[in-house]
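Contents: one structure, followed by commentary.
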Amino acid sequence: MEFSPIDIPPARWPPADVPTWLEERLRSRYDAVLATHPDFASRLNVHLPDAWTAFSQVYGTDATAAEWFVRALDAAVEGLRARPASLRRSDRRRGATPDWFQTPEQVGLMCYVDRFAGTLDGMRDKIPYLKELGVTYLHLMPLLQTREGRDDGGYAVQDYRAVDPALGTMDDLRALAHDLHDEGILLALDFVMNHTAAEHAWAQAARNGDDRCRDFYLTYEDRTVPDQFEQTVPEVFPDFAPGNFTYAEALDRWVWTSFYDFQWDLNYGNPALFVQMLREMMVQANVGADVLRLDAVPFLWKERGTNCRNRPECHWILQAYRALMHVAAPGVLFKSEAITTPNEIVRYLGTGGYEGKECDVAYNATLMSHLWHALASENTQLLQRALTTLPPTPDSATWLNYVRCHDDIGWGLADDDVRAVGQDPTDTRRFCADFYAGDRPDSYAEGYRFQVDEATGEARTSGTTAALTGLQQALVEGDEHDVDRALRRTLLLHSVVFAARGMPLLYAGDEIGQFNDYGYLTDDERAADNRWVHRPPMDWDRAALRHERGRVEQRLFDGLRRLAETRKTLDALHSGAQQRILQTDNDRTFLFERMHRDDRLLVAANFSSAAQAVSLNTLPAVWQDTAYTSVLHDRPAVFSSGRLVLPPYGCLWLQPRNHDSEGATTTLPTPVELKVCTEWGEQVYLCGTLTALGAGAPHKALGPLSADNYPRWETTIDAPEHTYFEFWWLKKRDGQVVDRSPHRYAMRAGNETAWQLGTHL
């Protein structure tokens with residue numbers, strides 16, 4: 001419906017209390033809505049002041065700004081009136097439980113519709129697969145109609161109200177959203193905020209002389225102003241899209257194009273554009289999107305003399321949209337796509353008194369990049385430092401934690417953090433790029449550099465998870481030992497991501513270990529962008545192997561499914577839980593605890609290729625007992641040495657054990673085999689933390705071991721079930737110790753593998 005103009009007399013403007021003045025006059029304007037939507041009055045009362053405050057920070061407080069503000073409210077009300085009844089019911093349910101999206105049940109997956117299932121109808125057929133994996137949140141990459149030819153992976157939107165015809169129709173999207181909701185799965189869609197395709201109807205109208213539409217974009221009659229901006233504004237893609245401006249011949253003007261020459265930046269200094277984009281946003285919300293991923297939000301505001309990133313106006317614009325969306329569709333979440341410094345990222349979640357008033361979800365790029373650094377360096381000092389110094393997350397918001405996404409890995413390691421751990425920032429970022437490009441002798445990765453800085457050697461990284469963790473190389477070369485280690489690396493990263501504060505997000509195909517895809521090299525429109533190497537089409541033949549015991553696909557799929565299933569049982573993994581990074585005596589390990597209500601969880605991760613141990617007495621008192629419950633394996637875990645023992649690339653989720661439930665101890669025969677060379681007359685004994693191994697006393701050591709397969713010495717220990725124990729060998733001659741092993745070893749009762757503990761211990 002169209003609302004008549006509102007009379008705001010400039011001579012008597014502004015009143016002392018603008019929101020109250022507006023609300024009193026708008027009640028009669030929205031009579032019909034108030035009568036049919038009982039929640040509308042309270043929403044307007046609560047959110048109108050926030051909407052006005054944010055809007056007026058950008059567009060002013062004069063009568064003209066107030067008129068545009070009312071038009072924005074009209075657009076929100078139009079969206080509310082068009083909102084399907086099922087979505088309005090969902091809004092009310094979510095309003096009654098504000099933390100509905102922060103519960104540990106949430107597990108996400110992202111994919112391209114065409115590469116995962118072909119079409120939107122095909123996506124409906126894949127819902128059982130999503131349910132099997134434990135997915136409750138599905139992010140579909142850009143699926144709206146884009147320009148012909150190069151389209152920046154779908155981010156060059158030609159029509160916000162039409163689906164890419166190759167994928168289906170808006171009705172198909174509605175049907176998919178309905179089916180997902182029936183199965184308890186949220187739908188996240190991209191809303192490209194910063195720009196449209198140069199072929200969008202607004203841009204076409206601008207070319208044809210429509211001044212209103214021309215003012216939707218940032219255009220300049222000559223190079224004077226663009227040249228001033230270029231002095232301080234960095235290039236996004238200097239390799240294949242240099243500069244920030246493109247000459248549009250039909251306009252005879254220079255157009256701001258932050259990303260590619262076919263993507264025209266929108267002019268958020270124009271309130272008419274603000275209102276129109278709210279209308280487009282409401283269309284996606286009413287199709288059934290539960291989450292709008294707001295693309296490129298740091299770029300929304302341009303100001304001369306700055307880098308035109310993360311300006312205060314970006315936050316005011318988002319806060320105004322957030323308040324207006326609360327009026328129209330409060331069950332819809334905003335997810336910011338702001339891959340920037342840690343201090344900047346958290347601002348998009350609303351800080352400094354604006355908690356709950358900006359975005360609800362943000363990508364945790366800090367965790368992602370530092371996990372990959374820790375894996376390559378086998379050192380967690382920088383990871384611990386970065387997460388310890390990360391600004392507090394508002395209780396009203398949550399992180400989206402991920403190992404990788406469709407984009408490259410940017411090495412956003414803060415200089416101050418890097419220097420604090422005794423490293424050089426440039427050298428550290430270059431190390432990461434080199435390691436994951438496979439250009440270091442100790443590297444197992446087969447990734448690629450993206451956007452190399454020729455001056456410093458720094459670069460971002462492309463590649464699938466399987467390629468970067470060494471799984472691709474190991475499977476091609478057929479080395480089972482390397483395959484096992486690569487799987488451990490992959491599951492280690494995800495184990496941390498699934499336990500950290502926020503919602504975990506998988507990239508489709510990683511759950512079956514898909515390789516790099518080189519098909520993009522034969523596509524002229526994609527060949528220059530190696531990010532397509534990690535966006536492979538879903539291999540459903542490999543996915544079918546997830547049910548074959550022992551297959552890589554089965555081990556990965558079941559490992560990730562176990563993480564999802566276990567996560568959903570742990571109140572400590574609620575996004576509102578406290579999280580504390582624990583400092584230990586071993587910088588190859590990463591430990592943190594989560595606490596919510598009466599539930600606690602200790603996450604202990606080993607980023608080293610060697611087994612590691614952490615002294616329990618370095619942990620908070622509640623974790624200094626030797627007996628726990630290993631919740632991922634649903635069994636007790638007892639550490640007989642007073643140290644947590646972590647296998648190579650291992651990760652344990654531990655909870656305090658209820659000793660009242662302990663029964664009689666069962667022992668398990670545990671074979672031990674060690675290679676030890678001896679002199680004539682020497683024999684090998686085992687000493688260790690178990691009573692059967694002398695409880696550390698050399699004169700009570702077990703032995704001598706059997707040397708039937710010399711130089712391998714063998715024995716079998718009856719070890720208490722669920723116990724992790726440490727041991728070392730002794731050489732004895734005539735009952736006297738003449739030598740001992742330079743390393744400690746560790747095992748779990750009943751296991752057949754002994755791990756050599758890291759030498760730095």
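Heavy atoms only: backbone and side chains are in, while hydrogens, waters and symmetry mates are out.
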Query raised in the report: With no hydrogens and no angle check, is any side-chain donor or acceptor of N307 less than 3.5 Å from a backbone partner on P234?
Result: no
Query raised in the report: Minimum heavy-atom separation for G154 to P142, with atom names?
Result: O-CB, 3.2 Å
Requested in this report: Report the C-alpha distance between N194 and F259 in whole Å, list the side-chain angles of each, state the deciding distance to 0.1 Å, and finish with yes or no for side-chain contact (heavy atoms from CB on, under 4.5 Å).
Outcome: CA-CA 10 Å; N194 179 70; F259 293 87; 3.7 Å; yes
**Report entry** Heavy-atom donor-acceptor pair, H200 side chain to A197 backbone, under 3.5 Å
**Finding:** no
Query raised in the report: If we only count heavy atoms from C-beta on, is the V533 to Y518 side-chain gap below 4.5 Å?
Result: yes
Query - Aromatic ring proximity Y112/W532, centre distance under 6.0 Å - result: yes
Query raised in the report: Are Y260 and F237 close enough that their ring centers fall under 6.0 Å?
Result: yes
Query raised in the report: Would W13 and W21 count as a close aromatic pair, with their ring centres under 6.0 Å?
Result: yes
Query - Row check, Y520 ring normal vs R526 NZ/CZ: under 6.0 Å, within 45° - result: no
Report task. Using atom types as modelled and distance alone, determine if a side-chain donor or acceptor of S369 lies under 3.5 Å from a backbone N or O of A365. Result -> yes
**Report entry** Heavy-atom pair with the smallest gap, counting every atom of V113 and L167
**Finding:** CG1-CD2, 4.0 Å
Query raised in the report: Given the side-chain rings of W254 and Y220, with only the six-membered ring counted for Trp, is the space between their centroids under 6.0 Å?
Result: no
Query raised in the report: Within the side chain of R430, is there an N or O that forms a donor-acceptor pair under 3.5 Å with the backbone of T456?
Result: yes
Report summary line: Contacts of E344 meeting salt bridge (charged side-chain N to carboxylate O under 4.0 Å, His left out) (sequence neighbours excluded), chain-then-number -> R347
Query raised in the report: Above 12 or not: heavy atoms from other molecules or residues under 6.0 Å from CG of D524?
Result: no
**Report entry** Qualifying residue for ring-ring contact (aromatic ring centres under 6.0 Å, His included) with Y321, from F191, F274, F334, F55
**Finding:** F274
Report summary line: The single option from H195, K302, E235 that satisfies side-chain contact (heavy atoms from CB on, under 4.5 Å) with S258 is K302
Report task. Measure from the side-chain N and O atoms of T428 to the backbone N and O of P425, and report whether any donor-acceptor pair falls under 3.5 Å. Result -> no
Query raised in the report: Does any N or O in the side chain of Y354 come within less than 3.5 Å of the main-chain N or O of Q319, such that one atom is a donor and the other an acceptor?
Result: no
Query raised in the report: Is the side chain of R147 donor-acceptor paired with the backbone N or O of R150 at a distance under 3.5 Å, no angle test?
Result: yes
What donor-acceptor contacts under 3.5 angstrom involve side-chain atoms of residues 61-70, with partners at least two apart or in another chain?
residue	atom	partner	partner atom	Å
D62	OD1	T64	N	3.3
D62	OD1	A65	N	2.8

Query - Whether D434 side chain and R440 backbone form a donor-acceptor pair below 3.5 Å - result: no
Query raised in the report: How about W301 and Y268: are their ring centroids closer than 6.0 Å?
Result: no
Query raised in the report: Looking at the rings of W399 and Y363, which for Trp means the six-membered one, are their centres under 6.0 Å apart?
Result: no
Query raised in the report: Judged by atom type as modelled, is there a donor-acceptor pair below 3.5 Å linking the side chain of E337 to the main-chain atoms of A296?
Result: yes
Query raised in the report: Looking only at heavy atoms, what is the nearest atom pair of G463 and R404, with distance?
Result: O-CD, 3.8 Å
Report task. With sequence neighbours left out, write down each residue that passes salt bridge (charged side-chain N to carboxylate O under 4.0 Å, His left out) with E446, or none if nothing qualifies. Result -> none
Query raised in the report: What is the minimum heavy-atom distance between E148 and Q158, and which atoms define it?
Result: N-OE1, 4.4 Å
Requested in this report: Ignoring hydrogens and angles, tell me if any N or O in the side chain of Q263 forms a donor-acceptor pair with the backbone of Y155 under 3.5 Å.
Outcome: yes
